[in-house]
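Heads up, the thing below is written out as structure tokens.
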Amino acid sequence: MSITEYFNLVFSDYTLRTITLGTAVLGAVCGMLGSFAVLRKQSLLGDAISHAALPGIALAFILTGVKDSNLLLIGALISGLIGTFWIKSIVKKTRLKNDTALGLILSLFFGFGMLLLTFIQKMPNANQAGLDKYLFGQAATLVESDVWVMTAVTSVSLIVLLLFWKELKVLLFDPDYTETLGFNTRFLDILITVFIVLAIVLGLQTVGVVLMSAMLLAPAAAARQWTDSLGVMIFIAAIFGALSGVFGTAISASQDNLSTGPVIVLVAAVFVLFSFIFSPGRGLLFRQIRFHQNRKELNLKKTLTFMYRIVKDHDNISHPHAIKILNNFHGFTKKSLKQLEKQHFIQLKGNEWAMTEKGFHEAAKMYNEIGNTNE
Amino acid sequence: MTKKTYAIQVDDLTVAYDYKPVLWDIDLKIPEGVLMAIVGPNGAGKSTLIKAILGIIKPIAGSVKIFGKPYKKQVDKVAYVPQKGSVDWDFPTTALDVVMMGTYGTLGWIKRPGQKEKKTSLEALEKVGMLEFKNRQISQLSGGQQQRIFLARALVQNASIYLMDEPFQGVDATTEKAIINILKELRNAGKTLIVVHHDLQTVPEYFNWVTFLNVKGIASGPVRDIFNDGNLTKTYGINYKVAVNK
């Protein structure tokens, strides 16, 4: 199936439509909530939470013996929340730093989860197969009810976001100050963390434990490049997330043996790469271009003011001088002289240059400006 | 004898992060309407004292009263100016937006700022001389400008007490003068201002009240009475005469 065939089928084929909708909604909610994680400098929290969810999935299966995806996700939710809570208490009560606590909980919970998975494989239960799909995710297993759950969570988190918009904004920027204003920052903190955990747990079935944090971070990191407004950033992150979901699903559906989760994450990574290079304000490319332009302009200005210092003591400003005498000044090149001539600031004749009336005035202006700022 | 109500009254306040106390048994009575400097060496607990007064840090023992009542009941009477370095200035927002945050406390939960809040915020920006930068992304402001934004944010709270953590840190002489003029204006309007301050030379010129702090409270009172060699030596451990009497 080619990409175009996919887009023709997506509206008629039930499975394709469900998967596409599911990954799009998932991408949107992850982008939205991921913005909070990124701005709070808790980017790695998502990684720890998703890994911490694994033992919950395994335990839910061991205890109930059924492989109902909602049931398993409740298990994931509980152990994800326990992991998050432990990370926060470790940081608060011991002298360990945040990254150490994250790494500790991540590997501890993930190791325990893997242990339980091997245990389950030896259980005499025909249902056991396929639990390991939660490691890397399998979008093909999404059904309509999963999409409904995702949509419900997305809607609720959107409502919460709009309702507590100003409180969350000031909390993200300055938590201590938020506390002094009389807001309960603990409540706000729990609120935002619970929704981040929920989004991660929802994505486990599709993207999997290992890659889930990328879904949270990539759209947000990409979106930050395009705007200086929090609201716009969250909106763009949601769009990037949704597009990653749709394109990722399309690409993986149009090729054989390409699992959806990793492709979605790779598409999100392309968004990040593109944004980091090509965004107008913060992007590397335009910053580099601006840097070179400024430098070139500065060089021209410096050359012109240097010439001005030579010229200003002569009665005739257009008296020609040898290019040679510029030699002990390092800021000029043949090119910059040509550039100055093009702007009619100087005239070049063979090995000599002469300043024009226009150039003299321009240089005098610059010279005085620089003189003033030096004071 | 009637009991006087102080703007801030601190009793037996002790704070510790680990085992070592950062503040030990502090008693402090700050009358209303003073412009007070908190001075002391690095690690004296100056910022911690301010944070403990604001309830950001929970003390091990002791109490803090704002006009005779606990802080939680007086949030609308107190404005805080944190250290400039305590936040990430690359946050996606504008100068005006940061100043508007000062109105959030009065608004309370959920309610959004409207035209009225925008107007008071623009007035505060004008007061600190930053009106032309209102739509500037905050990371593009200089250090002194960022400090003035924080001051404007506290101004819109229209509080009775202002607690400021090193508002002159890293600002140039012009900005320092502009800020101190606003602080003096506030004091003349009857407000109480508590400022963590490092430059001992300017204490007599800027402030009329001073607290010496070095884990323990050394002295607190009018500058003309207690800002002397004895207290400076007790606080800093060395003779500071040279530094002050230039």
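Per chain, numbering begins at 1; letters A, B, ... match sequence-line order. Every value quoted in this text rests on a predicted model; they were computed, and no experiment measured them.
- Only the side chain of B:Phe150 comes within contact range of chain A, judged by heavy atoms closer than 4.5 Å.
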For B:Asp27 and B:Asp12, what are the C-alpha separation, side-chain angles and deciding distance, and is it a side chain to side chain contact (heavy atoms under 4.5 Å, CB included)? CA-CA 5 Å; B:Asp27 288 302; B:Asp12 306 325; 3.5 Å; yes
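- Using a 4.5 Å cut-off between heavy atoms, A:Phe183 contacts chain B through both its backbone and its side chain.
- In this structure, no portion of A:Arg40 lies under 4.5 Å from any heavy atom of chain B.
- Per-residue heavy-atom pair counts under 4.5 Å with chain B were compared for A:Lys166, A:Arg95, A:Glu167, A:Lys169, and the maximum is reached by A:Lys166.
- Annotation: side chain of B:Trp109 is in contact with side chain of A:Asn184 (closest heavy-atom distance under 4.5 Å).
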Residues B:Glu123, B:Lys119; criterion salt bridge (charged side-chain N to carboxylate O under 4.0 Å, His left out); working and verdict: CA-CA 6 Å; B:Glu123 282 165 7; B:Lys119 204 174 140 249; 3.7 Å; yes
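- Residue with the most contacts toward chain A among B:Val98, B:Val78, B:Thr93, B:Asp90: B:Asp90 (heavy-atom pairs, distance under 4.5 Å).
- Enclosure of atom NZ in B:Lys72 by more than 12 non-hydrogen atoms of other residues, nucleotides or ligands within 6.0 angstrom is indicated.
- Proximity to chain A (any heavy atom under 4.5 Å) is shown, for B:Leu163, by neither the backbone nor the side chain.
- For the residue pair A:Val160 and A:Leu191, the shortest heavy atom distance occurs at CG1-CD2, 3.5 Å.
- Interface remark: A:Leu188 contributes side-chain atoms only to the contact with chain B (heavy atom separation under 4.5 Å).
- Of the possible donor and acceptor atoms, one in the side chain of A:Ser50 sits under 3.5 Å from a partner among the backbone N and O of A:Asp47.
- For the set A:Arg224, A:Met233, A:Glu179, the count of heavy-atom pairs under 4.5 angstrom toward chain B peaks at A:Arg224.
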Dump the intermediate steps for side chain to side chain contact (heavy atoms under 4.5 Å, CB included) on A:Phe164 and B:Ile110, then the final yes or no. CA-CA 6 Å; A:Phe164 296 109; B:Ile110 293 167; 4.0 Å; yes
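- Here B:Val75 is the residue among B:Leu107, B:Val75, B:Leu54, B:Val81 with the most heavy-atom pairs under 4.5 Å with chain A.
- With chain B as the partner, the residue from A:Leu163, A:Thr178, A:Leu39, A:Leu181 showing the most heavy-atom pairs under 4.5 Å is A:Leu181.
- When the candidates A:Leu162, A:Thr180, A:Leu230, A:Val170 are compared by the number of heavy-atom contacts under 4.5 Å with chain B, A:Thr180 comes out ahead.
- The closest side-chain heavy-atom distance from A:Leu26 to A:Ile264 is not below 4.5 Å.
- Of the listed residues B:Val87, B:Thr106, B:Thr94, the one with more heavy-atom pairs under 4.5 angstrom with chain A than any other is B:Val87.
- For A:Lys41, the part lying near chain B is the side chain, with the backbone staying farther off; criterion is any non-hydrogen pair under 4.5 Å.
- Evaluated for a side chain to side chain contact (heavy atoms under 4.5 Å, CB included) with B:Val171, the options B:Arg148, B:Lys177, B:Gln147 yield exactly one hit, B:Gln147.
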